[in-house]
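To keep things clear, I will list the structure first and then write my remarks on it.
Just so it is clear, the model here is predicted, and its values are computed rather than measured.
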Amino acid sequence: DRLAVETDPFLRVAIVEGLGDQRDRASAEALVSALAAAFEARDNGVIGAARASLMRMSGRREPGSLVSWQQWVAGLPVR
C-alpha cells in the first residue's frame, strides 16, 4: 500500500528492495505490480530493484520479463 502512494524515488526503491526479503504471495504480487507500474512510468530504478527482488525471492538467475513474473506469481500457492 505504501509503495503505491510513495512519491520519493529513493523510498520506492527501498520498499521494493525490502519486499524481496519476504516469502509470501502478497509481497510477490506487490513486486510484480510495482514492476508493471515502473515499466509504465519508465522508472529504471524501480525496474531494476523489482527485478532483483523477484530474482532473490524466486531463486531465479535471470531478470525475466513482466509476463514471466506475472506467470510465476500466478503459479504460487494461495494461502
Item to complete: Specify the closest pair of heavy atoms between S53 and V16, including all atoms of both residues, with the distance to one decimal.
Response: OG-O, 2.9 Å
Practice prompt. Look up atom CZ in R2 and atom CG in L19, then write down how far apart they are to the nearest 0.5 Å.
Written response: 12.0 Å
Discussion item. I need the I15 CD1 to F10 CZ distance, nearest 0.5 Å.
Written reply: 13.5 Å
Item to complete: Keeping the roles fixed (side chain from S58, backbone from L54), state whether a donor-acceptor pair exists under 3.5 Å.
Response: yes
Discussion item. Test side chain to side chain contact (heavy atoms under 4.5 Å, CB included) on R60 and S68; report intermediate values, then the result.
Written reply: CA-CA 11 Å; R60 290 186 182 179; S68 71; 4.0 Å; yes
Discussion item. I need the minimum non-hydrogen distance between V32 and V73, along with the two atoms involved.
Written reply: CG2-CG2, 3.3 Å
Fill in: Main-chain N/O of D24 paired with Q22 side-chain donor or acceptor, under 3.5 Å
no
Item to complete: Return the minimal non-hydrogen interatomic distance between V13 and A49, and the atom names on each side.
Response: CG1-CB, 3.9 Å
Worksheet item: What are the two closest heavy atoms between I47 and A38, and how far apart are they?
Response: CG1-CB, 3.5 Å
Worksheet item: Do side-chain atoms of R12 reach the backbone of T7 as a donor and acceptor pair under 3.5 angstrom?
Response: yes
Item to complete: Report, as yes or no, whether the 6.0 Å neighbourhood of atom CZ on R23 holds more than 12 heavy atoms from other residues, nucleotides or ligands.
Response: yes
Worksheet entry | Where A34 and V46 come nearest, the two heavy atoms and their spacing | O-CG1, 4.0 Å
Discussion item. Show the nearest heavy-atom pair for residues E62 and W69, with the distance to one decimal.
Written reply: O-CZ2, 3.9 Å
Discussion item. Can a donor-acceptor pair be found, under 3.5 Å and without considering hydrogens, that links the side chain of R56 to the backbone of R51?
Written reply: no
Worksheet item: Rounded to the nearest 0.5 Å, what separation is found between the OG atom of S33 and the CD atom of Q70?
Response: 8.5 Å
Practice prompt. Would you check if the side chain of R25 reaches a backbone N or O of L76 as a donor-acceptor pair within less than 3.5 Å?
Written response: yes
